[in-house]
There are 2 protein chains.
Amino acid sequence: MSSSTTADALNQRLADSGMRATPQREMVYEILLERRDHPTADELFARVKAKLTTISLATVYNCLDALVQCGLVRQVNYEREPSRYCCNLREHAHFFDTESGRIIDVDLPPEYVDRLRQVLPPGFVVHGIELGFRGIAPATLSASSAQ
Amino acid sequence: MSSSTTADALNQRLADSGMRATPQREMVYEILLERRDHPTADELFARVKAKLTTISLATVYNCLDALVQCGLVRQVNYEREPSRYCCNLREHAHFFDTESGRIIDVDLPPEYVDRLRQVLPPGFVVHGIELGFRGIAPATLSASSAQ
DNA sequence: CTAGGTGCAAAAGGTTTGCGGTTAA
DNA sequence: TTAACCGCAAACCTTTTGCACCTAG
């Protein structure tokens with residue numbers, strides 16, 4: 001049920017971008033949805049391999065590229081660390097907790113985003129905004145998403 | 001004169017962080033100030049090598065690390081591209097022009113920065129904020145800094 | 001039948017490190 | 001004299017690519 005609807009949605013999204021659904025892509029996406037904790041490709045590889053034992057790391061990278069390209073996944077970069085992957089499609093910023101290494105999603109209200117771009121002089125065409133905080137999160141916040 | 005005062009400032013900053021001034025560090029910093037165009041380490045290496053012919057790429061990386069650590073230089077990362085280096089110490093965002101590859105500094109008024117952090121729920125300790133825009137800059141803007 | 005995907009291994013590419021020699025406090 | 005720093009080369013690590021094989025449309 002829920003799993004089949006996400007599979008359908010994935011199928012649709014991939015098709016819209018001229019790509020096919022495959023067991024590997026479905027599994028990578030499913031595992032990414034399972035815990036929304038911004039894993040690296042390597043970490044994801046380990047989790048996926050437990051269920052699809054023959055998958056390779058290169059395929060995980062390829063699947064993630066496909067998911068990013070079709071707009072279902074966001075690639076999150078912090079400094080020069082390995083990329084992390086995020087299946088939260090809402091407009092949000094990232095808080096990088098330097099103590100735990102955790103990434104926390106912070107929802108951004110639409111009017112906040114509008115105000116963000118107002119800092120640009122006129123004439124700039126904006127295709128994307130990236131807002132990141134670095135610091136220490138309240139210890140009590142154990143989930144991977146705030147607000 | 002101006003060059004000697006920046007050298008003094010560099011010396012001071014390095015000393016404050018327990019490091020020495022060296023010809024290589026001075027030259028890397030000077031070249032970085034010359035054109036404020038966010039070069040990569042490689043690019044900087046080429047420019048510095050023209051004046052300090054024996055310098056090595058590893059030393060450029062080490063010098064940049066030193067300059068970043070003592071707070072005179074900011075390391076700017078965009079997606080997974082090579083790091084770029086920025087000697088603008090004012091609070092500012094970066095606009096990544098996807099057509100030219102250029103990075104444009106956008107000054108952030110203090111009250112804007114204050115408003116940025118207001119999106120965080122209470123309890124978060126912020127040590128740094130990174131705001132980046134991706135898009136197309138007005139062609140007329142040829143300088144590397146806006147506002 | 002053919003375009004697109006997978007898995008493997010090797011390559012790429014930016015950055016870091018180890019080491020012997022040098023320099024400045 | 002001794003701790004910091006340089007230059008060189010090798011190592012590192014994440015990501016990409018080439019290639020042979022497979023599979024769905």
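- In this structure, the CG atom of B:L52 is 14 Å from the P atom of C:dT23, given to the nearest Å.
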Review item, side-chain donor-acceptor pairs of residues 61-75 of chain B, under 3.5 Å, at least two apart:
from	atom 1	to	atom 2	distance (Å)
B:N62	ND2	B:A58	O	3.3
B:R74	NH1	B:H92	O	3.4
B:Q75	NE2	B:S83	OG	2.9

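- Applying the side chain to side chain donor-acceptor pair (under 3.5 Å) test to B:S56 and every residue at least two apart in sequence or in another chain returns B:T59.
- Taking a 4.0 Å limit (strictly below) on heavy-atom distances, residues 18-26 of chain A reaches DNA chain C at A:M19, A:R20, A:T22, A:Q24, A:R25.
- Atom CD in B:Q69 sits about 15 Å away from atom C1' in C:dT15, given to the nearest Å.
- Legend: residues meeting salt bridge (charged side-chain N to carboxylate O under 4.0 Å, His left out) with A:E81, ordered by chain and number and at least two apart, are absent.
- Here B:F124 and A:F133 keep their ring centres 6.0 angstrom or further from each other.
- Proximity of a side-chain donor or acceptor of A:R25 to a complementary backbone N or O of A:R20 within less than 3.5 Å is detected.
- For the 3.5 Å distance criterion, the side chains of A:D8 and A:Q12 fail to qualify, holding no donor opposite an acceptor.
- Going from atom CD1 of B:I55 over to atom C1' of C:dT22 covers 15 Å, rounded to whole Å.
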Between N or O atoms, less than 3.5 Å apart, protein on one side and nucleotides 11-20 of chain D on the other: list the pairs.
from	atom 1	to	atom 2	distance (Å)
D:dT14	O3'	B:R80	NH1	3.3
D:dT15	OP1	A:S83	N	2.9
D:dT15	OP1	A:S83	OG	3.3
D:dT15	OP1	B:R80	NH1	3.0
D:dT15	OP2	A:Y61	OH	2.4
D:dT15	O5'	A:Y61	OH	3.3

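- Summarising the geometry, the separation between NZ on B:K49 and C1' on D:dC8 is reported as 11 Å, rounded to the nearest angstrom.
- Across its full length, the helix from C:dC1-D:dG25 to C:dA25-D:dT1 shows an angle of 30° between the axes of its 5 terminal pairs at either end, rounded to 10 degrees.
- Taking side-chain N and O atoms only, A:T59 has a distance below 4.0 Å to OP1 or OP2 of C:dG7.
- For the pair A:L64 CG and C:dG5 P, the computed distance is 15 Å after rounding to whole Å.
- Per the geometry, CZ belonging to A:F45 stands 11 Å off C1' belonging to C:dC8, to the nearest Å.
- No continuous path of ILVMFWY side-chain contacts below 4.5 Å connects A:V76 to A:F45, so the two sit in separate hydrophobic clusters.
- The side chain of B:S56 contributes no N or O atom lying less than 4.0 Å from OP1 or OP2 of D:dC6.
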